[in-house]
Amino acid sequence: MVALMAQTHSSPGAMVSVLPLADQLQQARTTAIIKSSQLEVIRIVLLAGKTMREHSAPGEITVQCLEGEVVLDAAGKRHSMRAGDFILLAAGAPHALEALQDSSLLLTMRLSTPP
């Protein structure tokens, strides 16, 4: 399982890079980039052989593979994701990850539901 490290989130209007980490990937940690009242963006770092156990999120999420290769189990299907692959998951959809290679992903999560 991947633990999130406490850090200062980016401020509105601040530029943030989500380029692949490349040779810095093995030393990187999962980090929350942005957290607002309605949105959270996290760079997930998952090294080869590591997993993120099945869980769900209250809002819709998107997952984009920035580098490496992972298997995403979601909605009863296994998806192999490589750099550039992107998927939308419905609110409450159970999902899990397994890294086949050292990988980083960009997770965007809606935290609240519009009225």
Side-chain angles (χ1 to χ4, degrees):
M1 187 160 129
V2 176
L4 294 180
M5 301 300 292
Q7 77 168 41
T8 304
H9 299 108
S10 178
S11 301
M15 189 70 66
V16 176
S17 174
V18 293
L19 286 171
L21 297 167
D23 59 348
Q24 298 173 5
L25 182 58
Q26 287 212 339
Q27 291 75 38
R29 301 215 185 271
T30 294
T31 55
I33 298 170
I34 295 169
K35 186 166 186 178
S36 68
S37 62
Q38 297 180 19
L39 179 72
E40 186 166 15
V41 179
I42 300 169
R43 182 194 287 261
I44 297 172
V45 174
L46 207 57
L47 300 181
K50 299 296 182 181
T51 61
M52 186 178 284
R53 73 175 190 269
E54 187 175 89
H55 60 284
S56 61
E60 295 172 314
I61 66 168
T62 64
V63 180
Q64 179 181 356
C65 185
L66 301 173
E67 60 193 316
E69 183 178 3
V70 298
V71 173
L72 171 70
D73 288 319
K77 295 182 184 173
R78 290 179 64 80
H79 304 275
S80 178
M81 297 184 74
R82 294 188 175 138
D85 291 338
F86 181 85
I87 191 167
L88 168 69
L89 300 180
H95 54 281
L97 288 168
E98 176 185 359
L100 302 179
Q101 300 173 0
D102 293 348
S103 303
S104 71
L105 305 109
L106 191 66
L107 170 78
T108 303
M109 179 173 25
R110 181 176 14 190
L111 299 175
S112 64
T113 305

#### Entry: 4.5 Å side-chain heavy-atom contact, Leu111 and Gln38
no
#### Entry: CD-CG distance between Glu98 and Leu46, expressed to the nearest 0.5 angstrom
9.0 Å
#### Entry: Nearest heavy atoms of Asp102 and Ala48, plus distance in Å
OD1-N, 2.9 Å
### Summary
Heavy-atom nearest pair, Met109 first then Ala57, reads SD-CB, 3.7 Å
### Task
Please check if Met52 and Ile61 belong to a single hydrophobic cluster, counting links between Ile, Leu, Val, Met, Phe, Trp and Tyr side chain heavy atoms closer than 4.5 Å.
yes
### Task
Keeping the roles fixed (side chain from Ser36, backbone from Leu39), state whether a donor-acceptor pair exists under 3.5 Å.
yes
#### Entry: Interatomic spacing from SG in Cys65 to NE2 in His79 - rounded to 0.5 Å
13.5 Å
### Task
For residues Glu54 and His95, determine if any side-chain heavy atom of one lies less than 4.5 Å from a side-chain heavy atom of the other.
no
### Task
Measure the spacing between CD of Glu67 and CG of Leu19 and express it to the nearest 0.5 Å.
9.5 Å
### Summary
Test side-chain contact (heavy atoms from CB on, under 4.5 Å), reference Ile44, set Leu66, Leu106, Leu105, output is Leu105
List the atom pairs, with distances to 0.1 Å, where a side-chain N or O of residues 82-90 and a protein N or O form a donor-acceptor pair under 3.5 Å, not counting sequence neighbours.
from  : atom 1 : to    : atom 2 : distance (Å)
Arg82 : NE     : Glu69 : OE1    : 3.4
Arg82 : NE     : Glu69 : OE2    : 3.4
Arg82 : NH2    : Glu69 : OE2    : 3.2
Asp85 : OD2    : Arg82 : N      : 2.8

### Task
Enter the distance from Ile34:CD1 to Ser10:OG here, rounded to the nearest 0.5 Å.
5.0 Å
### Heavy-atom closest pair, residues Pro58 and Ala91
O-CB, 3.2 Å
### Query
If you round to the nearest 0.5 Å, how far is CZ of Arg43 from CG of Leu107?
12.5 Å
### Task
Give a yes or no on whether Leu21 and Leu47 share a hydrophobic cluster (residues Ile, Leu, Val, Met, Phe, Trp, Tyr; joining criterion: side-chain heavy atoms under 4.5 Å apart).
yes
#### Entry: Gap separating the CZ atom of Arg29 from the OG1 atom of Thr31, nearest 0.5 angstrom
11.0 Å
### Message
Looking at every non-hydrogen atom in both residues, tell me the closest pair between Gly92 and Ser56 and how far apart they are.
### Response
O-CB, 3.6 Å
